[in-house]
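See structure below.
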Amino acid sequence: QVQVVEYEGGLVETGASLELTCAVSGDTSATYTIGWFRQAPGMDREFVAAMAWDNINVGYGDSAEGRFSISRDNAKNTAVLQMDNLKPRDTAVYYCAVKFTTPRDVSRSENLYGYWGQGTQVTVSS
């Protein structure tokens with residue numbers, strides 16, 4: 001069994017930065033990709049970023065707009081989504097997800113991720 005937990009969402013002002021942390025626990029003996037997704041009210045969930053186990057291959061969705069960056073620490077089974085210059089349109093519930101796969105895999109489809117956190121709310125005020 002695998003547990004995924006997101007931390008450090010919150011309310012910030014436009015232009016601020018925020019760092020979200022994802023912690024993975026349980027049976028993590030195999031390699032896995034970590035992905036970040038978000039869902040705004042009334043909208044479909046969308047891909048934000050993902051990083052492969054190799055800490056080299058990374059992918060970003062249009063929603064990242066060059067303002068977000070993903071990193072991970074395999075020894076600690078954690079990942080961080082650094083979000084800079086936040087805008088009101090970034091307001092959403094942010095989810096961390098895990099996909100057990102090959103070390104270089106970077107998947108953008110939420111359907112490929114088998115383990116999800118409960119989500120953390122990020123609200124950006126104008």
Side-chain angles (χ1 to χ4, degrees):
Q1 193 69 3
V2 173
Q3 294 79 42
V4 181
V5 180
E6 306 94 343
Y7 297 97
E8 307 298 339
L11 171 64
V12 297
E13 294 181 348
T14 297
S17 295
L18 196 61
E19 187 178 272
L20 303 181
T21 299
C22 174
V24 183
S25 61
D27 185 4
T28 57
S29 56
T31 59
Y32 58 89
T33 295
I34 289 183
W36 285 97
F37 296 80
R38 72 184 188 185
Q39 187 168 23
M43 305 292 287
D44 292 334
R45 190 153 54 186
E46 62 177 346
F47 172 73
V48 177
M51 180 166 255
W53 175 263
D54 65 3
N55 253 308
I56 297 173
N57 287 281
V58 63
Y60 291 99
D62 292 340
S63 57
E65 299 178 357
R67 298 179 290 117
F68 297 176
S69 64
I70 185 173
S71 60
R72 64 186 290 171
D73 184 333
N74 290 341
K76 296 181 179 179
N77 287 311
T78 59
V80 169
L81 181 68
Q82 175 68 39
M83 304 186 293
D84 297 321
N85 191 20
L86 283 162
K87 305 178 185 302
R89 62 177 177 269
D90 297 316
T91 294
V93 177
Y94 284 72
Y95 297 90
C96 180
V98 166
K99 175 192 176 187
F100 287 94
T101 183
T102 53
R104 297 180 181 181
D105 179 34
V106 178
S107 295
R108 296 169 177 259
S109 173
E110 62 176 289
N111 296 327
L112 299 177
Y113 287 80
Y115 300 92
W116 290 80
Q118 79 287 352
T120 185
Q121 177 70 46
V122 172
T123 303
V124 184
S125 63
S126 57

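Every value quoted in this text rests on a predicted model; they were computed, and no experiment measured them.
- Checked by atom type and distance alone, the side chain of Y60 pairs as donor or acceptor with a backbone atom of I70 at under 3.5 Å.
- Between F47 and F37, the ring planes are perpendicular. Angles over 60° get that label, and only those under 30° would be called parallel.
- Proximity of a side-chain donor or acceptor of R104 to a complementary backbone N or O of I56 within less than 3.5 Å is not detected.
- A donor-acceptor pair under 3.5 Å is formed between the side chain of T91 and the backbone N or O of V124.
- Linking ILVMFWY residues whenever their side-chain heavy atoms come closer than 4.5 Å, directly or via other members, leaves W116 and Y94 in distinct clusters.
- Once rounded to the nearest 0.5 Å, the distance linking OG of S69 with CG of L81 reads 7.0 Å.
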Open item on the list: I'd like to know whether S25 forms a side chain to side chain donor-acceptor pair (under 3.5 Å) with Q3, so could you lay out the CA-CA distance, the side-chain angles of the two residues, the decisive distance to 0.1 Å, and finally the verdict.
Closed with: CA-CA 5 Å; S25 61; Q3 294 79 42; 3.3 Å; yes
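- Nearest heavy-atom pair across T14 and S126 is OG1-CA, 3.5 Å.
- For the residue pair S17 and D84, the shortest heavy atom distance occurs at OG-OD1, 2.8 Å.
- The CG atom of L112 lies 4.5 Å from the NZ atom of K99; values are rounded to the nearest 0.5 Å.
- Here the side chains of D90 and R38 are in contact, with some heavy-atom distance below 4.5 Å.
- For the atom pair OG1 of T31 and CG of N74, the computed distance is 9.5 Å after rounding to the nearest 0.5 Å.
- In this structure, E13 contributes its side chain and S125 its backbone to no donor-acceptor pair below 3.5 Å.
- Hydrophobic clustering (ILVMFWY, side-chain heavy atoms < 4.5 Å, transitive): F100 and W53 are in one cluster.
- Once rounded to the nearest 0.5 Å, the distance linking CG of L18 with CZ of F68 reads 9.0 Å.
- In this structure the side chain of D27 never reaches within 4.5 angstrom of the side chain of Q1, judged on heavy atoms.
- The heavy-atom pair separating V122 from G9 by the smallest distance is CG2-CA, 4.1 Å.
- R108 places no side-chain N or O within 3.5 Å of a backbone atom of G59 that could act as its donor or acceptor partner.
- No side-chain donor-acceptor contact under 3.5 Å links Q39 to the backbone of A92.
- Around CG of D73, the count of heavy atoms belonging to other residues, nucleotides or ligands within 6.0 Å exceeds 12.
- The distance from the CG atom of N111 to the CZ atom of R45 is 9.0 Å, given to the nearest 0.5 Å.
- The minimum heavy-atom distance linking T33 with S107 is given by the pair CG2-N, 4.3 Å.
- Looking at heavy atoms from C-beta onward, R72 lies in side-chain contact with N55 at the 4.5 angstrom threshold.
- Here the shortest heavy-atom pairing between V80 and E19 reads CG1-CG, 3.1 Å.
- V2 and Y32 end up in the same hydrophobic cluster when Ile, Leu, Val, Met, Phe, Trp and Tyr side chains are linked at under 4.5 Å.
- Under the 4.5 Å side-chain heavy-atom criterion for ILVMFWY residues, a single connected hydrophobic cluster contains both V12 and V48.
- Side-chain N or O atoms of T21 include none that pairs as donor or acceptor with a backbone N or O of Y7 at under 3.5 Å.
- Interatomic distance, CZ of R67 versus CE of M83, reported as 9.0 Å (0.5 Å rounding).
- Tracing side-chain contacts under 4.5 Å through hydrophobic residues (I, L, V, M, F, W, Y), one never reaches Y113 starting from V24; they form parts of separate clusters.
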